[in-house]
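Contents: one structure, followed by commentary.
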Amino acid sequence: MSDKEPSIKPWGGRFSEPTDQFVERFTASVSFDQRLYHHDINGSLAHAAMLEKVGVLTAAELADIQRGLEEIRAEILAGTFEWSVSLEDVHMNIEARLTDKIGITGKKLHTGRSRNDQVATDIRLYVRDELALICKELSRLQLGLINLAKREAKTIMPGFTHLQTAQPVTFGHHMLAWNEMLERDFSRFQDCGTRLNQCPLGAAALAGTTYPIDRHYSAELLGFERPTENSLDSVSDRDFAIEFAAAASVLMTHLSRFSEELVLWTSAQFKFIELPDRFCTGSSIMPQKKNPDVPELIRGKVGRVNGHLVSLLTLMKSQPLAYNKDNQEDKEPIFDIIDTVKDCLKAYADMVPAITVNEDVTREAAMRGFSTATDLADYLVRKGLPFRDAHEVVGKSVAYGVAENKDLSEMTLEELRTFSSDIEADVFDVLTLEGSVNARDHIGGTAPKQVLAAAERAENRLNKRS
């Protein structure tokens, strides 16, 4: 990156001395906002086309600007573009290079706009495109979970509350619980995209412009639903960035919860699943180790995304209208959130389909902890016993099982009848793990046919997105 000093700043007419070199470096943003070049060029192309439409530019001037901007795009893609800190940001670097290429016509491009509405437009375009990529990767992860749920629809495992064995479920049912969380994440990103998709171009510095611009035309060219309504709000609004960060934080919280379960399930104490070796690492000293580094790292990365959300909220909390230099601090958090979320989703979308389940282990774990106790209580209620009385009966039978080291299903009919004469031979139909999961045969329940039906509905929702 060049540090050469142009003889005159684009805004230098007001100033009697050059910018301090430290201040120049301190206030410049080109080191990170250059990633907006594609959207900055697209915004400039739309603005120029609008200026030609309303008669501010001639057709020949528009053609020169279009040619120059596309040549600059090619230079940036080729890595030959020389970025300058002296020109502060991506916008002035591109504009200065355009003037070098096409002469005085390049200076006409900024007619009727400010860097304030320019950057507000660029960041919306950028986040909108990245949202689409995030939602695509999110859908890919969801499809992996749905397929895993289908594959393991009958695989019994313990369901937990307080991390204690509660009731038997199936592994497929558990995966679909994760999918429902991601479905809400997808919906939040879509809602964010709806409010984001308004074009601030034409708001200029804060009060609009005296030129006869057509903001609807600019918005249409850039694929926005409509132009923003108020020029003051247009240049200072960063709600869309905060909303995106909030949605990303919720998503990362979900991925962190998934990670916690995967880390537990891969441990020697659980052994519920195996992760593919390519997503794990070893120890430099303990040769037996297979560490679930990808889930652990994703669990850790939620902190940086949550931190960026707080950073953006703090950035905006006491800003007066309209644009303030503080807003330069919005980009690095947004960029890092996007990079982090995309990487985490890719890791999970690649890893989930390759998870293998140790069915014998999950089944044996479901046998421990009296997971069918609630089924026994429901059985007694169906026999006419009030639920609270049934609860007490089952509690006593569990206490007996703890003392004798016997699961409910391992007790004899005679043993069970010592707690209630209402218990009959058909009780063993509900005390088996299969009987338990199959009994919850309703939408959202654990019966394998309900799991498969739920997976099909989830897949249908995915298919409607494309």
Side-chain angles (χ1 to χ4, degrees), residues 33 35-57 62 65-66 69-70 73 89-91 94-95 109-136 186-248 312 316 321-323 327 330-331 334-335 337-338 465-466:
D33 71 10
R35 75 158 71 185
L36 296 174
Y37 77 88
H38 178 69
H39 303 88
D40 192 74
I41 289 171
N42 287 346
S44 291
L45 288 169
H47 183 67
M50 182 276 295
L51 291 178
E52 191 272 337
K53 179 177 181 286
V54 301
V56 174
L57 293 177
L62 173 60
I65 288 172
Q66 290 171 331
L69 287 173
E70 292 300 347
R73 194 197 309 268
D89 55 35
V90 61
H91 323 294
I94 290 175
E95 183 178 321
L109 174 61
H110 209 54
T111 305
R113 76 174 180 184
S114 163
R115 279 190 294 179
N116 295 355
D117 63 334
Q118 189 177 0
V119 67
T121 301
D122 288 1
I123 197 69
R124 283 175 183 256
L125 289 170
Y126 178 80
V127 174
R128 188 181 69 183
D129 283 355
E130 293 298 325
L131 261 177
L133 295 175
I134 286 170
C135 286
K136 183 178 180 180
F186 184 88
S187 177
R188 272 184 283 271
F189 283 129
Q190 293 296 295
D191 286 347
C192 173
T194 298
R195 281 179 286 279
L196 176 152
N197 201 28
Q198 300 172 23
C199 184
L201 196 58
L206 78 161
T209 177
T210 58
Y211 294 97
I213 61 173
D214 185 343
R215 292 190 64 211
H216 287 279
Y217 185 63
S218 301
E220 179 184 349
L221 290 177
L222 290 170
F224 285 107
E225 183 180 346
R226 61 179 177 84
T228 51
E229 286 287 342
N230 182 279
S231 60
L232 278 167
D233 179 62
S234 298
V235 298
S236 57
D237 169 39
R238 293 299 182 272
D239 288 0
F240 66 91
I242 293 170
E243 187 173 358
F244 167 71
L312 290 169
M316 300 305 300
L321 292 172
Y323 183 83
N327 285 346
D330 67 350
K331 293 168 197 62
I334 292 172
F335 295 160
I337 289 171
I338 287 169
R465 295 177 188 174
S466 54

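Side-chain contact between Ile134 and Phe189 is present, with at least one heavy-atom pair separated by less than 4.5 Å. Residues Asn197 and Arg124 have side chains not in contact (no heavy-atom distance under 4.5 Å, counting atoms from C-beta outward). A 4.5 Å side-chain heavy-atom check between Leu206 and Asn116 finds every atom pair outside the cut-off. Put simply, the side chain of Lys53 does not reach to within 4.5 Å of the side chain of Leu62, judged on heavy atoms. Between Glu225 and Gln198, every side-chain heavy-atom pair lies at or beyond the 4.5 Å cut-off. Between Leu131 and Phe240 there is no side-chain heavy-atom pair separated by less than 4.5 Å.
Under a cutoff of 6.0 Å and an axis angle of 45°, Arg128 and Phe224 form a cation-pi pair.
For Asp117 (side chain) and Leu201 (main-chain N/O), no donor-acceptor pair under 3.5 Å exists by modelled atom type. Thr228 contributes a side-chain N or O that, together with a main-chain N or O of Cys199, makes up a donor-acceptor pair within less than 3.5 Å.
Salt-bridge annotation for Asp239 and Arg195: absent, with no side-chain N of the basic residue lying under 4.0 Å from a carboxylate O of the acidic one. The pair Lys331-Asp33 does not meet the salt-bridge criterion, since no charged nitrogen lies less than 4.0 angstrom from a carboxylate oxygen.
Judged as a side chain to side chain donor-acceptor pair (under 3.5 Å), and not counting sequence neighbours, Asn230 has no contacts. For Glu130, the side chain to side chain contact (heavy atoms under 4.5 Å, CB included) test picks out Tyr126, Leu133, Ile338, Lys342, with sequence neighbours left out.
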Please step through side chain to side chain contact (heavy atoms under 4.5 Å, CB included) for the pair Tyr211 and Thr111, ending with a clear verdict.
CA-CA 8 Å; Tyr211 294 97; Thr111 305; 3.5 Å; yes
Determine, step by step, whether Glu70 and Leu45 satisfy the side chain to side chain contact (heavy atoms under 4.5 Å, CB included) criterion, reporting the C-alpha distance in whole Å, the side-chain angles of both residues, the deciding distance to 0.1 Å, and the verdict.
CA-CA 9 Å; Glu70 292 300 347; Leu45 288 169; 3.3 Å; yes
Mind running side chain to side chain contact (heavy atoms under 4.5 Å, CB included) on Ser44 and Gln118 for me, showing each step along the way?
CA-CA 8 Å; Ser44 291; Gln118 189 177 0; 4.1 Å; yes
Show your reasoning for whether side chain to side chain donor-acceptor pair (under 3.5 Å) applies to His91 and Asp40.
CA-CA 7 Å; His91 323 294; Asp40 192 74; 2.7 Å; yes
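Residues Pro227 and Ala219 approach most closely at N-CB, 3.9 Å, considering heavy atoms. Between Leu69 and Ile94, the closest heavy-atom pair is CD2-CG2, 3.9 Å. Across all non-hydrogen atoms, the minimal contact from Ile334 to Ala241 is CD1-CB, 3.4 Å. Taking every heavy atom of both residues into account, Leu221 and Ala49 meet most closely at CD1-CB, 3.7 Å.
With rounding to the nearest 0.5 angstrom, the CZ atom of Arg188 is 9.0 Å from the CG atom of Asp191. Once rounded to the nearest 0.5 Å, the distance linking CZ of Arg113 with CD1 of Ile213 reads 11.5 Å. To the nearest 0.5 angstrom, His110 atom NE2 is 11.0 Å from Leu51 atom CG. Rounding to the nearest 0.5 Å places CZ of Arg115 at 12.0 Å from CG of Asp122. Interatomic distance, CG of Leu312 versus CG of Asn327, reported as 10.0 Å (0.5 Å rounding).
When each of Leu125, Ile123, Thr121 is paired with Leu36, the side chain to side chain contact (heavy atoms under 4.5 Å, CB included) condition holds for Ile123 and for no other.
Remark: the Arg226 side chain and the His216 side chain contain no N/O donor-acceptor pair separated by less than 3.5 Å.
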